[in-house]
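Have a look at the structure below, then the notes.
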2 protein chains.
Amino acid sequence: MGIEDAGPGTVRPGGRTARVRASVLRAAGDALAEHGFAHLDLVDVARRAEVGKTTVYRRWGTVTGLVADLLLEMAEESLPRTETGSLLGDLKANARLVQRTLADPRQGALFKAVLAAATGEEKTAEALHRFYDTRVKEWAPCVQQAVDRGEIPQGTDAHEVIRAVSAPLYYRLLTSGDRLDEAAADRAAEAAVAAARAGAYLRGDDGHA
Amino acid sequence: MGIEDAGPGTVRPGGRTARVRASVLRAAGDALAEHGFAHLDLVDVARRAEVGKTTVYRRWGTVTGLVADLLLEMAEESLPRTETGSLLGDLKANARLVQRTLADPRQGALFKAVLAAATGEEKTAEALHRFYDTRVKEWAPCVQQAVDRGEIPQGTDAHEVIRAVSAPLYYRLLTSGDRLDEAAADRAAEAAVAAARAGAYLRGDDGHA
DNA sequence: CGATTAATGAAACTGGAGTCCCGTTATGGG
DNA sequence: CCCATAACGGGACTCCAGTTTCATTAATCG
């Protein structure tokens with residue numbers, strides 16, 4: 001009975017506490033990109049961040065807890081969205097952005113590690129879902145504009161179209177050893193547009209015309 | 001210099017050795033499905049398999065090594081493929097199969113764990129890639145048949161079409177909390193067919209007609 | 001069937017991840 | 001500017017995953 005929880009960092013979040021968090025999250029990202037999720041150890045993160053290991057254990061506790069907080073920060077920094085005037089152009093821009101991110105050695109390894117961490121730990125999974133919801137929502141407007149222009153049918157689920165662009169890129173990253181190139185990105189965008197035109201992403205409909 | 005490696009289990013693979021392997025792999029699958037990759041510990045696997053922990057460490061060494069062997073076995077047991085006479089019918093059957101597998105609590109958790117394990121460990125990743133190559137190759141013929149029937153353009157990359165069906169299902173499994181239902185499976189199949197018809201999966205082509 | 005030795009398994013051992021204790025630092029409120 | 005105390009950090013401690021050793025069991029070959 002009474003107010004409980006409110007872990008460390010919630011009462012005096014300014015100054016040192018904020019610096020420690022930034023330093024630890026940066027170190028965690030580096031370590032994840034280098035060693036992967038499986039071999040991440042909090043003592044190493046503490047060393048890199050030049051912070052006492054007690055602090056890391058007290059504030060984040062586990063590897064998955066730390067990744068969850070890292071995802072919160074990653075969700076905040078949003079990337080600028082371009083507008084090309086056509087759905088295919090916008091989705092290609094999106095696909096290229098995702099492709100470049102996943103193909104980059106550091107970023108690609110980091111995303112793989114974060115996905116692995118979200119597997120199995122509910123709290124981390126929720127943070128990951130919020131991260132992708134944020135990204136999808138940022139890009140959904142370009143699909144709605146395409147509907148308004150008459151490029152694709154009324155009632156198209158904008159979020160589903162955006163997800164359709166990323167899906168094959170992530171699938172390829174995880175299940176094949178092939179490199180993610182621009183051709184793969186363009187193909188993903190083209191496939192999504194073709195499917196959207198055919199009404200495959202109509203909301204609350206199973207696709208039968 | 002000379003012949004080296006050839007670890008335990010390669011000289012006398014019959015009888016007990018085979019029984020131990022089967023028992024350990026089954027236990028590993030159970031443990032992965034229950035606790036996830038992050039919390040898997042080989043001592044627990046040894047206990048479940050009723051096998052000395054020394055044996056597990058000697059033959060598989062690490063968690064990722066054990067998962068790699070598990071994937072080799074998973075690749076061998078192939079699922080029967082149905083033939084419905086139309087590309088959409090065949091791909092829907094494939095999509096439903098994947099969807100049922102991933103939606104099943106045990107199987108879904110196991111696949112998540114296996115994907116997580118393949119992240120970061122090259123040897124495990126290779127085993128995973130072989131597993132998916134096997135599955136994709138099993139289903140590719142139905143796409144070729146569709147080409148022969150004239151449903152989709154000549155020069156369509158059959159493997160890419162099959163991957164396009166699974167991709168959105170895996171993407172949803174990993175990046176959202178939403179349940180994988182039949183509607184999602186059907187939508188994946190329909191989108192793949194629409195994109196294939198539009199020529200998005202032409203081999204060695206970036207999609208421009 | 002018996003000899004050879006590959007493979008297993010019990011037990012003792014070790015190193016380091018994670019915890020605990022308590023003194024030190026510096027934030028935020030008055 | 002000063003006080004109360006939130007948050008940090010060093011170091012000792014614990015516990016168990018992973019290793020090593022060696023005796024026991026059983027697969028293969030003649």
Side-chain angles (χ1 to χ4, degrees), chain A residues 2-28 31-32 34-69 117 120-121 124, chain B residues 2-28 31-32 34-69 113 117 120-121 123-124:
Chain A
I3 304 137
E4 314 205 35
D5 53 78
T10 55
V11 178
R12 288 180 183 175
R16 182 164 65 167
T17 297
R19 276 198 303 280
V20 165
R21 177 168 182 258
S23 179
V24 168
L25 291 187
R26 186 180 41 66
L32 279 175
E34 279 180 40
H35 307 314
F37 167 68
H39 304 105
L40 187 64
D41 113 57
L42 297 191
V43 176
D44 177 51
V45 171
R47 253 196 310 267
R48 287 168 185 256
E50 294 179 306
V51 153
K53 70 170 178 170
T54 314
T55 301
V56 176
Y57 282 109
R58 187 166 33 222
R59 284 186 65 181
W60 292 280
T62 65
V63 172
T64 49
L66 181 53
V67 173
D69 196 27
E121 197 78 7
T124 312
Chain B
I3 304 139
E4 314 206 32
D5 52 78
T10 55
V11 179
R12 287 180 185 176
R16 181 163 66 166
T17 297
R19 276 197 304 279
V20 165
R21 176 168 184 258
S23 179
V24 168
L25 291 186
R26 185 181 41 66
L32 279 174
E34 278 179 40
H35 307 316
F37 167 69
H39 303 104
L40 186 64
D41 114 57
L42 296 191
V43 176
D44 178 49
V45 171
R47 251 196 311 269
R48 287 168 185 255
E50 295 178 307
V51 152
K53 71 170 177 170
T54 313
T55 300
V56 176
Y57 281 109
R58 186 167 31 223
R59 284 185 62 181
W60 292 280
T62 64
V63 172
T64 49
L66 181 53
V67 173
D69 196 26
E121 198 78 7
K123 201 184 119 192
T124 312

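Chain A is the first sequence line, chain B the second, and so forth, proteins listed ahead of strands; every chain is numbered from 1. What you see is a predicted model; the values in this text were computed from it and never measured.
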Completion exercise
Nucleotide by nucleotide, nucleotides 10-20 of chain C touches protein heavy atoms under 4.0 Å in the pattern (B base, S sugar-phosphate only, - none) BB-----SBBB
Practice task
Return the minimal non-hydrogen interatomic distance between B:Val56 and B:Ala46, and the atom names on each side.
Solution key: CG2-CB, 3.8 Å
Exercise for the section: Can you sort out the partners of B:Arg19 under side-chain contact (heavy atoms from CB on, under 4.5 Å), two or more places apart, ordered by chain and number? Expected result: B:Arg16
Distances under 3.5 Å between nitrogen or oxygen atoms of protein and nucleotides 28-30 of chain C:
{"unit_1": "C:dG28", "atom_1": "OP1", "unit_2": "A:Gly14", "atom_2": "N", "d": "2.7"}

Completion exercise
In whole angstroms, the gap separating P of D:dG10 from CD of A:Glu50 amounts to 11 Å
Detail all sub-3.5 Å separations between protein N/O atoms and N/O atoms belonging to nucleotides 23-25 of chain D.
{"unit_1": "D:dT25", "atom_1": "O2", "unit_2": "B:Arg16", "atom_2": "NH2", "d": "3.3"}

Handout entry: Set of residues satisfying side-chain hydrogen bond (donor to acceptor under 3.5 Å, both in side chains) with respect to A:Thr54, sequence neighbours excluded
Key = none
Exercise for the section: Any salt bridge (Lys or Arg N to Asp or Glu O under 4.0 Å) involving residues 54-69 of chain B? Give me the pairs, sequence neighbours left out, ordered by first then second residue. Expected result: B:Arg21-B:Asp69
Handout entry: Results of side-chain contact (heavy atoms from CB on, under 4.5 Å) for B:Ala31 - residues two or more places apart only
Key = B:Leu40, B:Asp44, B:Val45, B:Arg48
Handout entry: Contacts of type side-chain hydrogen bond (donor to acceptor under 3.5 Å, both in side chains), residue A:Thr64, not counting sequence neighbours
Key = A:Thr62
Handout entry: B:Pro8 side chain, from C-beta outward: closest of C:dG9, C:dA7, D:dG9
Key = C:dA7
Problem - Axis-to-axis angle between the two ends of the helix from C:dC1-D:dG30 to C:dG30-D:dC1 (five base pairs per end, rounded to 10 degrees) - result: 50°
Problem - Atom-pair distance (CZ on B:Arg19; C1' on C:dT8), nearest Å - result: 12 Å
Handout entry: Side chains of B:Asp41 and B:Val63 in contact at under 4.5 Å (non-hydrogen atoms)
Key = no
Problem - Heavy-atom pair with the smallest gap, counting every atom of A:Gly61 and A:Leu42 - result: O-CD1, 3.7 Å
Problem - Stepwise side-chain contact (heavy atoms from CB on, under 4.5 Å) test for B:His39 and A:Glu121 - result: CA-CA 10 Å; B:His39 303 104; A:Glu121 197 78 7; 3.2 Å; yes
Practice task
Side-chain contact test, heavy atoms from C-beta onward, threshold under 4.5 Å: evaluate it for B:Val43 versus B:Tyr57 and give yes or no.
Solution key: yes
Completion exercise
Residues passing the side-chain contact (heavy atoms from CB on, under 4.5 Å) test with B:Ala49, sequence neighbours excluded, are B:Ser23, B:Val24, B:Ala27, B:Val51
Practice task
Tell me, please, which residues at least two apart from B:Ala113 pass side-chain contact (heavy atoms from CB on, under 4.5 Å).
Solution key: B:Leu32, B:Phe37
